Peer 1: 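Just passing along the structure, written as structure tokens.
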Amino acid sequence: MKRNHDGSWQFGKYCIPNKRLEFKFLVDGVWKESEFYPTVDDSFGGKNNVITPAMIQWEDGGSEIYLYTDFDGWSKKYPLTYYNHLNKHILKIELGNIDCFQFKFVVDGEWKLEPKYPTIENSGHRNNFLRFV
């Protein structure tokens, strides 16, 4: 972890994307969870915080790429950033305590699926999805 100028702490860049991460903090010799992250049982009568850092990629061209997801009711669009040296658009996002989520891309105004991700049918619509372990 890295200490910020305001005294708060921030996770480093070493989280593994698309893997669920459980954690707690050791503060003055006492294990604690943060009120700012969701929690799950730690199997020892306590709680762990949990996040799921995800990295979603679009590799099939376009200039304006957005991601919509079911974890927020398809209500928010998340812009992807284009990386010239990789020739792809990428979104890095923390998803909280979820096991899987569905998503779909809007590429230059058109709904699209990314062929590299698995798909699932939901209420007559086909979506990409990721499952986290």
Side-chain angles (χ1 to χ4, degrees):
M1 291 181 65
K2 173 181 150 188
R3 189 173 199 112
N4 295 322
H5 296 290
D6 64 1
S8 64
W9 292 88
Q10 178 180 340
F11 286 106
K13 59 183 176 182
Y14 301 106
C15 291
I16 300 170
N18 306 335
K19 290 274 190 189
R20 202 168 112 161
L21 172 67
E22 293 185 26
F23 61 95
K24 22 175 104 166
F25 299 93
L26 185 60
V27 180
D28 297 328
V30 178
W31 288 103
K32 296 186 175 202
E33 69 270 357
S34 169
E35 63 197 54
F36 300 108
Y37 293 95
T39 59
V40 294
D41 291 333
D42 69 0
S43 302
F44 297 101
K47 299 280 185 190
N48 284 337
N49 290 115
V50 62
I51 60 170
T52 308
M55 185 168 66
I56 310 297
Q57 302 177 33
W58 177 263
E59 301 181 26
D60 294 328
S63 57
E64 282 192 7
I65 318 295
Y66 296 97
L67 183 85
Y68 286 82
T69 71
D70 68 335
F71 73 83
D72 62 8
W74 305 98
S75 63
K76 183 175 178 186
K77 66 180 180 181
Y78 300 89
L80 281 75
T81 302
Y82 183 72
Y83 292 88
N84 261 337
H85 65 288
L86 299 173
N87 195 30
K88 61 178 88 172
H89 291 81
I90 297 175
L91 172 67
K92 296 175 186 173
I93 187 170
E94 286 183 8
L95 299 172
N97 182 20
I98 64 169
D99 294 325
C100 73
F101 81 108
Q102 296 178 39
F103 56 96
K104 205 162 197 172
F105 297 90
V106 173
V107 180
D108 298 330
E110 271 188 65
W111 289 96
K112 300 225 176 187
L113 297 170
E114 170 58 79
K116 74 182 247 172
Y117 295 110
T119 60
I120 189 169
E121 189 165 325
N122 182 0
S123 302
H125 299 277
R126 186 148 292 284
N127 300 315
N128 288 122
F129 77 96
L130 283 177
R131 186 172 310 280
F132 304 104
V133 291

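The structure displayed is predicted, hence computed values, not measured ones.
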Peer 1: Can you measure from CD1 (Ile56) to CG (Leu91) and round to the nearest 0.5 angstrom?
Peer 2: 7.0 Å
Peer 1: Rounded to the nearest 0.5 Å, what's the gap from OG1 on Thr39 to CD on Glu22? Could you check?
Peer 2: 10.0 Å
Peer 1: Would you say the ring centroid of Tyr68 lies under 6.0 angstrom from that of Tyr66?
Peer 2: no
Peer 1: From Gln102 CD over to Leu130 CG, what is the distance, rounded to the nearest 0.5 angstrom?
Peer 2: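 One finds 11.0 Å between CD of Gln102 and CG of Leu130.
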Peer 1: Restricting to side-chain contact (heavy atoms from CB on, under 4.5 Å), what partner residues turn up for Val27, sequence neighbours left out?
Peer 2: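 Partners of Val27 under the side-chain contact (heavy atoms from CB on, under 4.5 Å) test: Phe25, Lys32.
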Peer 1: Is there side-chain contact between Glu33 and Asn48, with heavy atoms separated by less than 4.5 Å?
Peer 2: no
Peer 1: Are any of the side-chain heavy atoms of Thr81 and Ile90 separated by less than 4.5 Å?
Peer 2: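 Answer no - side chains too far apart.
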Peer 1: Using side-chain heavy atoms (C-beta onward) and a distance below 4.5 Å, is Glu114 in contact with Phe103?
Peer 2: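 A side-chain contact is absent here, since even the closest heavy-atom pair is not under 4.5 Å.
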Peer 1: Mind checking what makes salt bridge (charged side-chain N to carboxylate O under 4.0 Å, His left out) contact with Glu121, not counting sequence neighbours?
Peer 2: Arg126
Peer 1: Shortest non-hydrogen contact from Asn49 to Ser34?
Peer 2: OD1-N, 2.6 Å
Peer 1: Taking transitive links into account, so neighbours of neighbours count too, which hydrophobic residues share a cluster with Phe129 at under 4.5 Å side-chain distance?
Peer 2: Ile120
Peer 1: Is there a side-chain contact (heavy atoms from CB on, under 4.5 Å) between Tyr82 and Asn87? Walk through the geometry before answering.
Peer 2: CA-CA 7 Å; Tyr82 183 72; Asn87 195 30; 2.7 Å; yes
Peer 1: Mind checking whether Leu80 and Val107 sit in one hydrophobic cluster, side chains of I, L, V, M, F, W, Y counted as touching below 4.5 Å?
Peer 2: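 Same cluster: Leu80 reaches Val107 through Ile, Leu, Val, Met, Phe, Trp or Tyr contacts under 4.5 Å.
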Peer 1: Keeping to residues at least two apart or across chains, list the salt bridge (Lys or Arg N to Asp or Glu O under 4.0 Å) pairs with something in residues 41-50.
Peer 2: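 For residues 41-50: Lys24-Asp42, Asp41-Lys47.
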Peer 1: Nearest 0.5 Å, please: how far is NZ in Lys112 from CG in Asn128?
Peer 2: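 These two atoms lie 12.5 Å from each other.
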Peer 1: How are the rings of Phe105 and Trp58 set to each other: parallel, tilted or perpendicular (split at 30° and 60°)?
Peer 2: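 Tilted: the ring planes of Phe105 and Trp58 meet at 30° to 60°.
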Peer 1: Determine whether Tyr83 and Met55 fall in the same hydrophobic cluster, where Ile, Leu, Val, Met, Phe, Trp and Tyr are linked whenever their side-chain heavy atoms lie under 4.5 Å apart.
Peer 2: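 Yes, Tyr83 and Met55 fall within the same hydrophobic cluster.
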Peer 1: Nearest 0.5 Å please: distance from the CZ atom of Phe101 over to the CZ atom of Arg131.
Peer 2: 12.0 Å
Peer 1: Each residue besides Trp31 in its hydrophobic cluster should be listed here, by chain and number; the cluster joins Ile, Leu, Val, Met, Phe, Trp and Tyr at side-chain heavy-atom distances under 4.5 Å.
Peer 2: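 Answer for Trp31: Leu26.
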Peer 1: Determine yes or no for a side-chain-to-main-chain donor-acceptor pair under 3.5 angstrom, with Tyr117 supplying the side chain and Asn127 the backbone.
Peer 2: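 Side chain of Tyr117 to backbone of Asn127, a donor-acceptor pair under 3.5 Å: no, none is there.
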Peer 1: Enumerate the residue pairs fulfilling salt bridge (Lys or Arg N to Asp or Glu O under 4.0 Å) with a member in residues 59-78, sequence neighbours excluded, ordered by first and then second residue.
Peer 2: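 Counting only pairs at least two positions apart or across chains, the salt bridge (Lys or Arg N to Asp or Glu O under 4.0 Å) contacts touching residues 59-78 are Glu59-Lys88, Glu59-Lys116.
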